[in-house]
Amino acid sequence: MQDVSLYLPGILLAYSAFLLAIASPGPNILAVIGTSMSVSRGSGMALAMGVATGSFTWALLTVFGLSAILATYASALLFIKIFGGLYLLWLAYKSFKSAMSRHDIEAKELAGGRRTPLGYFQRGYIIQMTNPKAALAWIAIISLGLKEGAPLWVGAVIVLGTFALSILIHLLYAVAFSTPVMVRLYGKARRVIQGVLGTFFALAGLRLLTSRS
């Protein structure tokens with residue numbers, strides 16, 4: 001029980017960072033929204049599952065990679081946290097910049113014609129796995145939940161928890177944004193949302209940079 005209370009704050013912070021990162025639509029989210037609007041809700045959901053599976057793959061690769069590094073070089077955690085903190089500050093800058101911009105989100109149908117549900121799933125997986133920013137984001141997210149000497153179950157809880165959240169949120173995007181009304185509503189609230197995201201990313205980044213464990 002003591003171990004749980006020791007690592008729970010970091011795990012919850014990693015979950016929070018993941019959820020807020022999804023709240024800021026990137027290429028993967030825009031692809032899900034565009035497919036739901038232009039093709040069908042089912043196609044958008046298939047694409048969403050592919051994206052969520054790709055996110056799960058990145059999480060696994062990150063946890064195993066960082067665990068291997070830390071097992072060999074315990075002092076590497078400091079550098080990982082510095083990198084993660086700087087990346088979160090960069091996300092904060094991007095969010096604040098987006099909040100000040102008048103540019104709304106652009107959700108379009110994927111190029112290459114219509115696909116089967118399996119085809120959309122594969123496309124979603126490829127979109128996520130070929131996004132270099134996904135790897136950087138996962139390093140930052142995982143580093144929020146890691147402490148020096150953290151047991152393997154901490155990484156497993158972060159990976160499985162974020163996978164469940166990824167499936168839920170991406171499917172909600174596919175369902176909610178299957179009509180243009182939701183895109184317009186999001187567009188009206190976009191600046192406030194991006195401002196909140198920027199504040200959180202800035203605080204999380206500073207927390208990583210000043211953390212001693």
Side-chain angles (χ1 to χ4, degrees), residues 1-26 28-29 48-49 51-71 73-95 128-129 131-173 193-213:
M1 184 63 68
Q2 185 177 2
D3 285 345
V4 174
S5 62
L6 178 62
Y7 298 109
L8 185 59
I11 293 172
L12 294 178
L13 187 59
Y15 287 169
S16 299
F18 178 74
L19 284 172
L20 291 176
I22 293 182
S24 179
N28 52 348
I29 297 298
M49 287 300 300
V51 172
T53 305
S55 183
F56 175 66
T57 304
W58 273 121
L60 281 177
L61 292 173
T62 304
V63 166
F64 282 125
L66 293 185
S67 296
I69 291 174
L70 294 176
Y73 307 101
S75 60
L77 182 60
L78 174 62
F79 297 99
I80 292 171
K81 287 185 176 293
I82 291 174
F83 173 83
L86 292 175
Y87 184 71
L88 287 171
L89 291 179
W90 169 251
L91 290 181
Y93 164 75
K94 296 287 287 183
S95 295
Q128 185 70 354
M129 292 306 298
N131 181 8
K133 293 182 180 180
L136 301 177
W138 273 109
I139 291 175
I141 290 170
I142 297 298
S143 62
L144 284 170
L146 287 180
K147 289 180 176 288
E148 186 175 353
L152 290 177
W153 68 262
V154 175
V157 168
I158 294 175
V159 170
L160 294 176
T162 52
F163 182 43
L165 290 173
S166 182
I167 292 175
L168 176 63
I169 301 303
H170 282 96
L171 288 178
L172 283 176
Y173 268 116
I193 293 173
Q194 292 295 337
V196 172
L197 293 177
T199 301
F200 175 85
F201 287 138
L203 293 174
L206 291 174
R207 181 185 184 277
L208 270 182
L209 292 175
T210 57
S211 175
R212 295 184 179 181
S213 60

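Hydrogens, waters and symmetry mates play no part in the numbers below; they use all other heavy atoms, side chains included. Being a predicted model, the structure only gives us computed values, none of them experimental.
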Mind listing the closest non-hydrogen atom pair of Ala48 and His170 along with its distance? CB-O, 3.5 Å
Side-chain donor-acceptor distances from residues 134-143 under 3.5 Å, at least two apart:
| residue | atom | partner | partner atom | Å |
| --- | --- | --- | --- | --- |
| Ser143 | OG | Ile139 | O | 3.0 |
| Ser143 | OG | Ala140 | O | 2.8 |

Counting only N and O atoms by type, is there a donor-acceptor contact under 3.5 Å from the side chain of Ser55 to the main-chain atoms of Val51? no
dist Thr53:OG1 -> Ile167:CD1 (nearest 0.5 Å) comes out at 6.5 Å
Provide the full list of side-chain hydrogen bond (donor to acceptor under 3.5 Å, both in side chains) pairs with a residue in residues 149-165, sequence neighbours left out, each pair given once. none
What pair of heavy atoms forms the shortest contact from Val157 to Tyr15, and how long is it? O-OH, 2.7 Å
Using every non-hydrogen atom in the two residues, find where Leu144 and Arg207 come nearest and quote the distance to one decimal. O-NH1, 4.1 Å
For Ser166 and Phe18, the nearest pair of non-hydrogen atoms, with its separation, is CB-CZ, 3.6 Å
Give a yes or no on whether the ring-centroid distance for Tyr93 and Trp90 is below 6.0 angstrom. yes
Quick one: closest heavy-atom pair of Ala92 and Ala202, and the distance? CB-N, 3.6 Å
Atom CG of Leu61 and atom CZ of Phe56: how far apart are they, to the nearest 0.5 Å? 10.0 Å
Value for CG (Leu8) from CG (Leu13), rounded to nearest 0.5 Å, stands at 11.0 Å
Nearest atoms (heavy-atom pairs only) where Phe200 meets Ala17: CE2-CA, 3.5 Å
